[in-house]
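First comes the structure, then the notes that go with it.
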Number of protein chains: 2
Amino acid sequence: MAEPGAPASVKEFEERLLDVALSLPKRLKQCADYVAANIDRIAVSTVAEMAEAAGVQPSAFMRFCQIMGFSGYSEMQRLFRESYVGGWPDYATRLDHLREMGENSGPRLLAEFVDAGRASLENLLNTVDPTALEQAVEVLAGANLIHIIGLRRSFPVASYLAYAFEKMQVPAMLHSVAGRLDSTSAIRPGDALLAVTFSPYSAETLDLVELVRGRDVPVVALTDASVNPLRKLGAVTLTVSEVDFGAFRSLSATLCLAIALSTAVGAQRRS
Amino acid sequence: MAEPGAPASVKEFEERLLDVALSLPKRLKQCADYVAANIDRIAVSTVAEMAEAAGVQPSAFMRFCQIMGFSGYSEMQRLFRESYVGGWPDYATRLDHLREMGENSGPRLLAEFVDAGRASLENLLNTVDPTALEQAVEVLAGANLIHIIGLRRSFPVASYLAYAFEKMQVPAMLHSVAGRLDSTSAIRPGDALLAVTFSPYSAETLDLVELVRGRDVPVVALTDASVNPLRKLGAVTLTVSEVDFGAFRSLSATLCLAIALSTAVGAQRRS
DNA sequence: CCGAATTTGGAATTTCTGTTCCATTTTGCT
DNA sequence: AGCAAAATGGAACAGAAATTCCAAATTCGG
């Protein structure tokens with residue numbers, strides 16, 4: 001029953017996985033990736049479930065098990081069922097557990113930020129006005145070229161938006177102040193500006209918004225709840241309030257809105 | 001399928017168990033007692049195994065399941081399997097359906113991404129190894145200068161890290177390939193490299209990791225759970241598994257980990 | 001102590017899951 | 001481009017597990 005080369009522990013299993021993963025054809029690599037990311041599911045799932053979740057046929061998953069050194073799925077599953085040591089605590093208890101750790105230890109901070117992030121996401125659905133969101137999608141989908149600006153803390157968001165648009169082949173341009181190369185003349189009628197800014201608002205961003213409004217270019221703003229100058233300038237404003245922990249603000253909610261926005265724009269363009 | 005009076009959570013199950021346990025005949029009481037003491041086995045055992053361990057016939061155990069309000073063992077087991085994996089529905093297929101249905105309105109997408117983000121964050125606590133995290137903090141806190149690299153999809157994360165370190169006055173340098181200005185000679189002994197990369201891994205990042213490993217500079221990698229080449233190169237690896245669906249990858253969990261990591265490093269430096 | 005009701009054991013049945021096999025497609029090489 | 005080898009998808013098969021059913025055993029009231 002126990003194959004000669006079969007991993008005898010979860011650790012051995014992981015090592016084996018690393019070994020073989022790189023030289024695997026497409027479908028089998030999918031299995032390896034899914035298993036790596038969801039290793040704890042093996043104990044409680046059927047082949048059919050695993051295969052579907054990995055996006056392959058059950059037969060492909062079987063082959064994967066055999067490559068890992070087992071006679072089949074059942075044998076592989078046995079390894080994980082046996083090493084299953086009583087119910088993993090649920091999210092809440094795990095969180096509590098991590099919180100009890102040392103003051104500023106990494107795990108402790110992680111628990112706090114995860115919690116803050118979750119709270120932010122929950123809030124997000126309440127604070128974002130659906131009408132404004134659809135309006136924003138409309139504006140951006142109708143633009144020839146989408147200009148994106150976001151500096152300092154907002155820069156990660158801005159760069160993510162640029163990446164997402166590029167992926168969906170939506171014409172977009174990321175403006176930055178690197179090297180003081182303004183590219184303001186690239187912003188032309190028919191375009192739109194997507195500005196990301198949070199208090200304290202950077203002057204460069206506000207200046208740019210003001211400038212393009214003067215050229216009748218529509219502006220969509222991703223910003224926080226405080227009353228800010230952007231609304232006055234006639235921007236479609238999407239409000240995000242992040243729950244912060246300590247002095248640091250997670251960007252979970254902001255990025256989530258950014259993905260939703262860019263995906264919606266991409267979808268609308270296509271149709 | 002779902003019986004009207006069936007427990008919908010492990011908690012409800014336990015309550016119900018207490019209720020019925022006293023008024024049970026001998027064999028069924030045995031079942032109740034064994035289940036009470038080994039509640040976590042339900043997820044990974046067959047009826048036959050449970051029955052034998054409880055010292056009864058399978059049919060007796062079946063009757064016990066029915067008394068607990070389920071249609072049979074399978075239904076009871078499903079409750080425990082689902083609670084074990086923290087049930088995150090299959091977002092890949094869900095988004096697939098969304099796309100097929102042409103349901104791409106902004107608000108609808110936002111709700112989906114919020115949900116996916118929340119699940120990712122919960123999962124983060126499972127996938128990140130606390131020991132590895134502390135090790136990573138150790139390595140980075142001890143470095144003279146922290147070099148950060150992350151391209152394409154990982155660039156937002158890398159730039160966020162650079163911003164956070166700067167805010168905390170931790171010496172850090174963001175490497176980019178803009179203008180093909182490699183700054184590899186800036187990486188010197190005593191420094192550390194923080195690499196952010198997700199499948200498909202960019203060659204530039206892998207090359208840089210390999211290069212600095214040759215100089216005995218320690219590497220911390222923020223990456224996904226897919227089996228990847230970084231581990232082999234001796235990097236401290238922090239794994240995040242997030243829902244990946246083409247361009248639609250949320251970065252909620254990744255950024256959360258990034259903040260926790262950078263904050264912890266900042267705190268450790270100060271002390 | 002007898003008889004009805006309840007509980008129990010175990011075999012028969014059915015459903016579902018793991019596994020295998022082979023035709024078709026894809027990949028890699030000359 | 002054409003061929004051989006490898007990989008893949010899907011359906012058919014085998015096996016194991018859940019479930020049911022009923023006869024035998026036990027319990028309990030009279």
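The structure displayed is predicted, hence computed values, not measured ones. Residue numbers start from 1 in every chain, and the chains themselves are labelled A, B, ... in the order their sequence lines are given, proteins ahead of strands.
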hbond_proxy A:S74 side chain to C:dG18 base (donor-acceptor, 3.5 Å cutoff):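 Answer no: no donor N or O sits under 3.5 Å from an acceptor.
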Could you work out which one of [options] sits closest to the side chain of [X]?
| X | options | value |
| --- | --- | --- |
| B:M62 | C:dG9, C:dG18, D:dT19 | D:dT19 |
| A:R63 | D:dG9, C:dT19, C:dT8 | D:dG9 |
| B:T46 | C:dT19, D:dT8, D:dA18 | D:dA18 |
| B:L28 | D:dA17, C:dT8, D:dA7 | C:dT8 |

Under-4.0 Å salt bridge between B:E204 and B:R152: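 Counted as a salt bridge, because a side-chain N and a carboxylate O are separated by less than 4.0 Å.
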Sidechain N-carboxylate O distance under 4.0 Å for B:R108, B:E112: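 Counted as a salt bridge, because a side-chain N and a carboxylate O are separated by less than 4.0 Å.
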B:R16, CZ atom: more than 12 neighbouring heavy atoms under 6.0 Å: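 Atom CZ in B:R16 is packed in, count exceeds 12.
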Over 12 non-hydrogen atoms of neighbours within 6.0 angstrom of CD in B:E52: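 Counting other residues, nucleotides and ligands, CD of B:E52 stays at 12 neighbours or fewer.
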5'-most by nearest nucleotide on DNA chain C - B:Q57 or B:S23: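 Residue closer to the 5' terminus by nearest nucleotide: B:S23.
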Between [atom2] of [N] and [atom1] of [X], the distance in whole Å:
| X | N | atom1 | atom2 | answer |
| --- | --- | --- | --- | --- |
| B:R81 | D:dA18 | CZ | P | 9 Å |
| B:K29 | C:dT8 | NZ | C1' | 18 Å |
| B:E49 | D:dA16 | CD | P | 13 Å |

So [X], base contact, sugar-phosphate only, or nothing? Heavy-atom distance under 4.0 Å.
| X | result |
| --- | --- |
| A:A48 | sugar-phosphate |
| B:Q66 | sugar-phosphate |
| B:S59 | base |

Phosphate contact (D:dG9 OP1 or OP2) by A:R27 side-chain N/O below 4.0 Å: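 Checking D:dG9 against A:R27, a side-chain N or O does come within under 4.0 Å of OP1 or OP2.
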